[in-house]
Amino acid sequence: MPTGLVALALGGFGIGLTEFVIAGLLPQVGRSLAVSEAAAGWLISGYALTVAVGAIALTAATARLSRKPVLTGLVALFVLGNLLSALAPNYPVMLLGRIVAALCHGSFFGIGSLVARRLVPPERASRAVAVMFAGLTVANVLGVPFGALVGERWGWRATFWAITGIGVVAAVAIAALVPGWAGKAAGPTGALTGQLRAMRSRQVWLTLTATALGYGGMFGAFSYLAYTFTEVTGFSDTDVAWLLVVYGSGLVLGNLAGGRAADHNRDRTLIISLAALGATLALFGLLADSPAASVVLVFLTGVFGFAQVPGMITRVTDHAEGVPLAASANVSASNVGNALGAWLGGVAISAGLGYTAPLYVGAGIVAAALATMMWAASGRPEQVT
């Protein structure tokens, strides 16, 4: 495995920790900064909204620059944001730190995925992207328990100091281990007009739509899993943490397996993973009152939910002639999907449909993603090997 991929995965791990760790720290942060639960919640939602906007804005702003120094600079921005969070004397500075850290998120994964695939032969492109995203999936597993453990022993600020340190190590690793030739722009990336021109492909927009809907279905269900587990399945509040680790373990496996499968037949992998995800969510809704079935199905939700990620990124960038804007737009699309899915799941619960409703809503959204992906695949069948 190229050492440059390890450096990119380390950067992804740090950025992933920043995204997920706050969930376990909100009560501490809220009490420390004397803000309400709703205000504290903006440290999560504000981050997500910034990711969606920052992915496009920063990628467009750095279009003329070599990708390796851009990646190093993005991680430096991540370090600055977490440093502000660690030192924050009040809530506005804390929120600013979260926003600054979030700015780098989408662009790092978008541009980083293009660099990752240049480190390996073309037939291993999706696997290379999966390795980079492995840092993010591992952070999903470890983020909440890591934050809770460090925060409980040394206070919530210590968590952000630790993440700041990880960011410094990642920046040094990227600067030292990612070869300069892998960070050079290729294709029509020199100007924003060239990138926008490459984005006009119908296949690009179908892939972005499938990404948004696929993520929306998975995270629409995931957002309310704690309620499903406690109110329907009968698990205790203390069980939720290890159940989320089971889900995160599925993400790790699905990401790596999906990357390998996509290198053999990308469209078939995407169609199968979306079909399996939709079926899993629907079955989860039917069997949510069974503890044993719920454990298995939450794991499979993670597996099939993230199996599509490497293939979606390589697909959208291939059809957009390799422009960074397409890869970053894919990250933005996933965050838009997350917001849409969570909103629709909440609407279903508010309508009195119960705590299994988000699972069925998620299955419906994924069905739309599957239809979109089948439409896209019918336009140009892909056989990678």
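Quick caveat: nothing in here was measured; it's all calculated off a predicted structure.
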(request) Would you please test H319 and W205 for side chain to side chain contact (heavy atoms under 4.5 Å, CB included) and show each step? (result) CA-CA 10 Å; H319 284 291; W205 290 100; over 6 Å; no
(message) Less than 4.5 Å apart, side chain to side chain, heavy atoms only: is that true for P179 and L119?
(response) yes
(message) Students often mix this up, so state it plainly: with edges at 30° and 60°, are the rings of H105 and F109 parallel, tilted or perpendicular?
(response) tilted
(message) For Q203 versus A376, what's the shortest heavy-atom pair and its separation?
(response) NE2-O, 3.0 Å
(request) Determine yes or no for a side-chain-to-main-chain donor-acceptor pair under 3.5 angstrom, with Y215 supplying the side chain and A333 the backbone. (result) no
(message) Hydrophobic clusters here meaning ILVMFWY residues chained together by side-chain heavy-atom distances under 4.5 Å, can you tell me if M374 and I272 are in one?
(response) no
(message) Assess, by modelled atom type and distance only, whether the side chains of N82 and T18 contain a donor and an acceptor separated by less than 3.5 Å.
(response) yes
(message) Checking R266 against S126: is there a side-chain donor and acceptor pair closer than 3.5 Å?
(response) no
(message) Which residue is it: L213, N330, T372, V336? I am looking for the one with a side chain to side chain contact (heavy atoms under 4.5 Å, CB included) to L208.
(response) N330
(request) With the side chain counted from C-beta on, respond yes when M373 and R315 share a heavy-atom pair under 4.5 Å apart, and no when they do not. (result) yes
(request) Looking only at non-hydrogen atoms, find the nearest pair between S294 and F229 and report the distance. (result) CB-CE2, 4.1 Å
(message) Quick check against the 3.5 Å criterion: does S107 have a side-chain atom that pairs as donor or acceptor with the backbone of L103?
(response) no
(message) Would you say V100 ends up clustered with V53 if hydrophobic residues are merged whenever their side chains have heavy atoms under 4.5 Å apart, either directly or through other cluster members?
(response) no
(message) Same cluster or not: V169 versus L71, using hydrophobic residues (I, L, V, M, F, W, Y) connected whenever any side-chain heavy atoms lie under 4.5 Å apart?
(response) yes
(message) Any non-hydrogen side-chain atom of I163 less than 4.5 Å from a side-chain atom of T159?
(response) yes
(request) Check the surroundings of atom CH2 in W343: do more than 12 heavy atoms from other residues, nucleotides or ligands lie under 6.0 Å from it? (result) no
(request) Find out whether T207 and L270 are in side-chain contact, i.e. whether some heavy atom of one side chain is under 4.5 Å from a heavy atom of the other. (result) no
(message) Taking V232's backbone N and O only, do any of them form a donor-acceptor pair with D289's side chain (distance below 3.5 Å, no angle check)?
(response) no
(message) Rounded at 0.5 Å granularity, tell me how far OG1 in T50 sits from CD1 in I99.
(response) 4.5 Å
(request) Report yes or no: do Y247 and V361 belong to one cluster of Ile/Leu/Val/Met/Phe/Trp/Tyr joined by side chain heavy-atom distances under 4.5 Å? (result) no
(message) Could you report the tightest heavy-atom contact between G285 and Y360, atom names first, then the distance?
(response) C-OH, 3.0 Å
(request) State the CG-CG distance between L274 and L370, to the nearest 0.5 angstrom. (result) 6.0 Å
(message) Given 3.5 Å as the limit, does a donor-acceptor pair link the side chain of T233 with the main chain of T230, or not?
(response) no
(request) Kindly give the heavy-atom pair with the smallest separation between F108 and I174, and that separation in Å. (result) CE1-CD1, 3.8 Å
(message) Is there a path of hydrophobic side-chain contacts, each under 4.5 Å between heavy atoms of I/L/V/M/F/W/Y residues, joining V295 to L277?
(response) yes
(request) Side-chain contact test, heavy atoms from C-beta onward, threshold under 4.5 Å: evaluate it for L297 versus L287 and give yes or no. (result) yes
(request) Report yes if some heavy atom in the side chain of L281 is under 4.5 Å from a heavy atom in the side chain of F304; otherwise report no. (result) no
(request) Verify the neighbour count for atom CZ of R157: are there more than 12 heavy atoms of other residues, nucleotides or ligands below 6.0 Å? (result) yes
(message) Minimum heavy-atom separation for A173 and L10, please, with both atom names.
(response) CB-CD2, 4.4 Å
(message) Could you tell me if the side chain of R260 sits less than 4.5 Å from the side chain of T269, heavy atoms only?
(response) no
(request) Apply the test side chain to side chain contact (heavy atoms under 4.5 Å, CB included) to residues L5 and R127: give CA-CA distance (whole Å), side-chain angles for both, the deciding distance (0.1 Å), then the verdict. (result) CA-CA 11 Å; L5 278 180; R127 273 172 279 188; over 6 Å; no
(message) As an exercise, state the distance from CZ of F235 to CG of L225, rounded to the nearest 0.5 Å.
(response) 11.5 Å
(request) Given side chain to side chain contact (heavy atoms under 4.5 Å, CB included), test R202 with W375 step by step and report yes or no. (result) CA-CA 11 Å; R202 184 184 71 172; W375 180 17; 4.1 Å; yes
(request) Would you sort out whether L256 and F306 count as a side chain to side chain contact (heavy atoms under 4.5 Å, CB included), showing the intermediate values? (result) CA-CA 9 Å; L256 296 175; F306 232 76; over 6 Å; no
(request) To the nearest 0.5 Å, tell me how far L80 CG sits from F78 CZ. (result) 11.0 Å
(message) Tell me the closest heavy-atom pair linking L43 and M94, and the distance in Å.
(response) CD2-CG, 3.9 Å
(message) Are C104 and V75 packed together at the side-chain level, in the sense that at least one heavy-atom pair is separated by less than 4.5 angstrom?
(response) no
(request) Classify the ring geometry between Y227 and Y355 as parallel (under 30°), tilted (30 to 60°) or perpendicular (over 60°). (result) parallel
(message) Using 0.5 Å steps for rounding, measure from the CG atom of L359 to the OG1 atom of T228.
(response) 5.0 Å
(request) Supply the atom-to-atom distance T356 OG1 to E231 CD, rounded to the nearest 0.5 angstrom. (result) 12.0 Å
